[in-house]
**Student:** 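Starting off with a structure, shown below.
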Amino acid sequence: MTMSARKALGLQRSNGTHEFNIAIVGALGVGKSALTVKYMTKRFIMEYDPYLEGTYTKHEDMGDSQDCLVHLMDTCDREDSDPARYLTWADAFVVVYSITNRPSFETARAYLENITHYLKQHERDCPLALVANKIDLERYRQVSKSEGLALSREMNCLSFDDTTAAEDCDAVFEVFRRLVRKVYTDRCGGLAGQALYIEEERGSPAHPLHARTRPKSPKGTADKKDEKNLQKKNFSKIFKIFN
C-alpha cells in the first residue's frame, strides 16, 4: 500500500492503531517547544534551543480501545528552509503566536494564509488550530483575545485557544486532542462506540468537535510502556527541563 493510500485510511497500522501527524508552526520564541513538551510530558520548560526542530510521538486513547499515535512536529522555519517538509506531511496544523508580541501575531496570520493556500491548491482539507500563548503574562499583552478570535474566524480555524504552556495543562492537551478527534472522525467515520456531538462554545469561532466523556481504557501494554520510556529518554537528550 502506498503512503497516500495509508493516509487516506488514517495511517492505520496492522495492529489497528491509527497514526496522525500534527505540525506546530509560528514565529521564534512564541512557545512552540513549550507547548510541545507540555502536551508530551505535562511539564513546562524554561529554556530550550529556539532553532531546534524535532518530531515526537505520543499515544492517545480515543476510548473503547480505539488507540492512535500522534506524531507532533515542533518546527523551526529559517530563510533557507522548505515548508514542504510539514505541509505535505501534516494531517493538521497548530499555529501559535504570543500575546506579548504583536509581530508574532502577524506571522501567525501569514502562516494561516500560506497553509490555507497550499491546502486549496492541492485539494486537501486539514483542520487548523490557532493558539494565543503566554496568557500568564497578561500584563504585557499586545494582542487582544478578540483579535485572535477574529483571525480564527476569518481563516476558518477549527478552534481558537487563549492559553499558556506555563500553567494550563488541560487546555493545552485539548488543543491537540481536538485536532486528533477531528482528523479521526473525518478519516475513519467516527469513534467506535462513542456518540459524538458538535457543541458551539461561548466565544468560540468555530464548532469544535467534542467526544462525550467515557471511562479510560485499561492500562496499556508493555509495548506502550516501552514507547513512553523511550519518549522520555529522547526528551531528556534534547530539552533542558527544569523542575
Side-chain angles (χ1 to χ4, degrees), residues 1-12 18-28 30 32 35-36 39 53-58 60 62 68-97 104-133 147-161 174-191 196 198 200-201 204-210:
M1 181 181 292
T2 65
M3 178 61 69
S4 59
R6 289 185 69 218
K7 288 195 73 172
L9 292 174
L11 293 176
Q12 188 173 20
H18 294 272
E19 299 182 48
F20 303 113
N21 302 330
I22 300 177
I24 181 167
V25 300
L28 288 177
V30 297
K32 299 187 299 294
L35 289 166
T36 298
Y39 173 61
E53 181 170 296
T55 302
Y56 314 99
T57 300
K58 180 177 180 176
E60 277 288 2
M62 308 298 289
C68 70
L69 289 175
V70 179
H71 304 293
L72 180 60
M73 182 188 291
D74 176 17
T75 68
C76 174
D77 275 325
R78 306 189 189 195
E79 291 184 2
D80 59 345
S81 60
D82 184 1
R85 70 190 186 283
Y86 56 80
L87 290 173
T88 59
W89 175 84
D91 302 303
F93 299 86
V94 178
V95 181
V96 185
Y97 68 90
S104 74
F105 179 69
E106 299 306 324
T107 299
R109 177 186 293 275
Y111 270 108
L112 289 170
E113 290 175 347
N114 291 338
I115 293 170
T116 300
H117 175 74
Y118 175 86
L119 294 176
K120 287 182 178 179
Q121 189 177 38
H122 291 79
E123 298 182 342
R124 294 179 58 200
D125 185 15
C126 299
L128 292 83
L130 180 62
V131 175
N133 193 29
E147 290 178 281
L149 283 166
L151 178 59
S152 62
R153 291 192 183 102
E154 178 187 342
M155 302 307 300
N156 196 30
C157 294
L158 173 70
S159 62
F160 169 75
D161 293 273
E174 186 59 21
V175 170
F176 296 98
R177 288 171 177 168
R178 189 186 297 131
L179 287 172
V180 172
R181 288 196 295 267
K182 183 68 170 77
V183 175
Y184 191 103
T185 53
D186 285 349
R187 297 270 177 87
C188 309
L191 305 181
L196 297 179
I198 296 176
E200 185 175 7
E201 297 179 328
S204 173
H207 296 259
L209 188 65
H210 296 273

**Student:** Please test Val131 against Ile24 for side-chain contact (heavy atoms from CB on, under 4.5 Å), starting from the C-alpha separation and ending with a verdict.
**Tutor:** CA-CA 10 Å; Val131 175; Ile24 181 167; over 6 Å; no

**Student:** Quick one: side-chain contact (heavy atoms from CB on, under 4.5 Å) partners of Glu53, sequence neighbours excluded?
**Tutor:**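 Testing Glu53 for side-chain contact (heavy atoms from CB on, under 4.5 Å), a comparison that skips the adjacent residues, returns Met73, Thr75, Cys76, Arg85.
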
**Student:** Are Val70 and Phe176 close enough, and set up right, to give a side-chain contact (heavy atoms from CB on, under 4.5 Å), and what steps lead you there?
**Tutor:** CA-CA 9 Å; Val70 179; Phe176 296 98; 5.9 Å; no

**Student:** Is the backbone of Glu113 close enough, under 3.5 Å, to the side chain of Thr116 for a donor and an acceptor to pair up by distance?
**Tutor:** no

**Student:** Any non-hydrogen side-chain atom of Arg181 less than 4.5 Å from a side-chain atom of Glu174?
**Tutor:** yes

**Student:** Can you tell if the side chain of Val95 reaches within under 4.5 Å of the side chain of Met155, non-hydrogen atoms only?
**Tutor:** no

**Student:** Listed by chain and number, what are the salt bridge (Lys or Arg N to Asp or Glu O under 4.0 Å) partners of Glu147, not counting sequence neighbours?
**Tutor:** Arg102

**Student:** Applying side-chain contact (heavy atoms from CB on, under 4.5 Å), can you list everything that pairs with Ala92, at least two apart in sequence or on another chain?
**Tutor:**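 Result, side-chain contact (heavy atoms from CB on, under 4.5 Å) vs Ala92: Ile22, Pro127, Leu179, Val183.
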
**Student:** Between Tyr86 and Thr55, is any pair of side-chain heavy atoms under 4.5 Å apart?
**Tutor:** no

**Student:** Nearest 0.5 angstrom please: Leu158 CG to Leu130 CG, how far?
**Tutor:** 11.5 Å

**Student:** Angle class for the Tyr97/Phe105 ring planes (parallel below 30°, perpendicular above 60°, tilted otherwise)?
**Tutor:** perpendicular

**Student:** Which heavy atom in Tyr111 sits nearest to a heavy atom in Ala27, and how many Å separate them?
**Tutor:**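 Distance-wise, the nearest heavy atoms are CE1-N, 4.3 Å.
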
**Student:** Looking at Phe93 and Cys126, what are the two nearest heavy atoms and their distance?
**Tutor:** CE1-CB, 4.1 Å

**Student:** Can you see which heavy atom on Val96 is nearest to which on Ala108, and at what distance?
**Tutor:** O-CB, 4.3 Å

**Student:** Can you see which heavy atom on Cys68 is nearest to which on Phe20, and at what distance?
**Tutor:** CB-CE1, 4.0 Å

**Student:** If every non-hydrogen atom of Thr57 is compared with every non-hydrogen atom of His71, which pair is closest and at what distance?
**Tutor:**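 Result for this residue pair: OG1-ND1, 2.8 Å.
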
**Student:** Out of curiosity, Lys120 NZ to Asp125 CG, how far, rounded to the nearest 0.5 Å?
**Tutor:**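 Between Lys120 NZ and Asp125 CG, I get 11.0 Å after rounding to 0.5 Å.
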
**Student:** Can you find a pair of side-chain heavy atoms, one from Tyr118 and one from Arg124, that are under 4.5 Å apart?
**Tutor:** yes

**Student:** Please find the pair of heavy atoms, one from Leu128 and one from Leu112, that lie closest to each other, and give the distance.
**Tutor:** CD2-CD2, 3.4 Å

**Student:** Hey, could you give me the CG/CZ distance between Asp161 and Arg178, rounded to the nearest 0.5 Å?
**Tutor:** 4.5 Å

**Student:** Applying side-chain contact (heavy atoms from CB on, under 4.5 Å), run through Leu72 and Lys58 and close with a yes or a no.
**Tutor:** CA-CA 8 Å; Leu72 180 60; Lys58 180 177 180 176; over 6 Å; no

